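Just follow the structure's listing: the first ligand is 1, and inside any ligand the first atom is 1. Values in this document were obtained by computation on a predicted structure and should not be read as measured data.
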Amino acid sequence: MQPSYYEDFSEIKIKIWSLLNNAVKDRGSPFRIPVFACGNQNDIDGRIVVLRKSDQANNLIQFHSDIRSDKIEKLKKNNNAAMLFYDKDEKIQVRLKVECIINHVNDITKESWSKTQHISRKCYLVDNGPGTETDKPTSGLKPELDNFDYTKEQSEEGYKNFTVIQCKIKSIEWLYLAAKGHRRAKFDLENNKDTWLVP
Ligand SMILES: Cc1cc2nc3c(=O)[nH]c(=O)nc-3n(C[C@H](O)[C@H](O)[C@H](O)COP(=O)(O)O)c2cc1C
């Protein structure tokens, strides 16, 4: 039997948002770690990020980053980006075209930072930003930080590097793999247009 979302636009959208919403809570969900791809002219790359929020009412999802990371400079020049998700068990691929908003030291970062776990704050405590070249292999952290030996107060140092990237979804492309025939659909959220595509 085919699932309810096999050939039904609204059921597909329900399924997509349930996968996204669930991924924010479920550490084991494959949708929790999408590829985020962005670029400026001929310098384009993708990287895994952790999905931190999904907000269907505003067609928005978000992840965290370090303000010093290379992708920030790229996004400042070109805030159009893409996100890619695949759940092997569900046989569902979701591709998003998004427009990014970089949040740094504002109400949005303040709220997200207050919810970060102590161990996650470690990422933002590196002396030099992600991608900095070094003479020897390193985590970039002082040894005591590597051992999680820091107080909550010391972890606050990381806030100045903490960044929330909000991704406003412009369009969604869905691919569902099925033995009886794959199905592919596109949702243009800007023009409110749903379209079937040949898979
Ligand atoms: C499982 C996993 C989760 C990651 N989560 C994030 C994340 O939420 N935000 C982030 O900026 N980088 C994250 N990274 C690291 C990025 O993939 C990337 O290596 C890093 O951001 C530096 O690359 P960039 O500055 O070119 O983006 C994660 C990597 C892995 C393997």
Side-chain angles (χ1 to χ4, degrees), residues 19-55 58-90 92-142 145-146 148 150 155-169:
L19 287 166
L20 292 172
N21 293 339
N22 179 56
V24 175
K25 291 171 268 168
D26 178 3
R27 285 165 195 274
S29 160
F31 266 47
R32 188 172 172 88
I33 48 166
V35 173
F36 175 79
C38 62
N40 178 43
Q41 298 191 353
N42 62 354
D43 184 11
I44 297 160
D45 51 14
R47 77 280 291 144
I48 299 284
V49 296
V50 178
L51 190 69
R52 297 290 182 181
K53 187 174 182 175
S54 88
D55 172 1
N58 294 301
N59 289 323
L60 203 83
I61 58 176
Q62 65 189 43
F63 65 91
H64 300 162
S65 196
D66 188 307
I67 194 70
R68 301 165 295 177
S69 110
D70 291 341
K71 62 180 140 339
I72 304 293
E73 275 315 302
K74 286 183 187 135
L75 289 172
K76 282 183 183 166
K77 292 184 182 126
N78 174 16
N79 71 345
N80 295 294
M83 293 182 86
L84 175 63
F85 303 77
Y86 182 58
D87 188 316
K88 187 171 176 285
D89 295 333
E90 296 271 12
I92 291 169
Q93 172 181 266
V94 171
R95 300 159 85 188
L96 307 179
K97 287 190 183 166
V98 301
E99 216 171 79
C100 301
I101 301 157
I102 303 164
N103 292 280
H104 186 228
V105 193
N106 64 15
D107 287 347
I108 289 170
T109 53
K110 205 181 291 173
E111 192 199 333
S112 298
W113 179 253
S114 71
K115 291 182 194 155
T116 55
Q117 288 192 307
H118 191 64
I119 54 162
S120 311
R121 293 187 170 192
K122 184 168 134 169
C123 310
Y124 305 97
L125 295 170
V126 287
D127 293 321
N128 298 303
T132 306
E133 293 191 6
T134 78
D135 293 338
K136 49 183 193 322
T138 178
S139 67
L141 290 160
K142 294 182 184 75
L145 296 176
D146 258 336
F148 296 103
Y150 53 89
S155 77
E156 293 296 338
E157 264 296 296
Y159 180 65
K160 65 177 187 298
N161 302 318
F162 180 71
T163 307
V164 176
I165 313 283
Q166 288 179 304
C167 302
K168 177 90 186 159
I169 304 171

Using a 4.0 Å heavy-atom threshold (strictly under), name the region of Pro130 that reaches ligand 1: side chain, backbone, both or neither. neither
Lys53 vs Leu60 side-chain heavy atoms within contact, under 4.5 Å: no
At under 4.0 Å between heavy atoms, which part of His64 makes contact with ligand 1: side chain, backbone, both or neither? backbone
Short side-chain to backbone donor-acceptor contact, Lys168 and Asn58, under 3.5 Å: yes
Are the side chains of His64 and Ser112 in contact, using a 4.5 Å heavy-atom criterion? yes
Under 4.0 Å from atom 9 (N) of ligand 1, is there at least one protein heavy atom? yes
How far is atom 27 (O) of ligand 1 from the closest protein heavy atom, and which atom is that? Arg47 NE, 2.6 Å
With no hydrogens and no angle check, do the side chains of Asn21 and Ser54 hold a donor and an acceptor under 3.5 Å apart? yes
I'd like to know if the side chain of Ser155 pairs up with that of Tyr124 as donor and acceptor (distance under 3.5 Å, no hydrogens or angles considered). no
Give a yes or no answer on whether the side chain of His118 reaches the backbone of Tyr150 with a donor-acceptor pair at less than 3.5 Å. yes
Nearest to atom 16 (C) of ligand 1 by heavy atom, Val35, Val50, Ile48: which? Ile48
Report, in ascending order of atom number, the atoms of ligand 1 lying under 4.0 Å from any heavy atom of Ser65. 10 (C), 11 (O)
Indicate yes or no: does an N/O atom of Lys71 lie under 3.5 Å from an N/O atom of ligand 1? yes
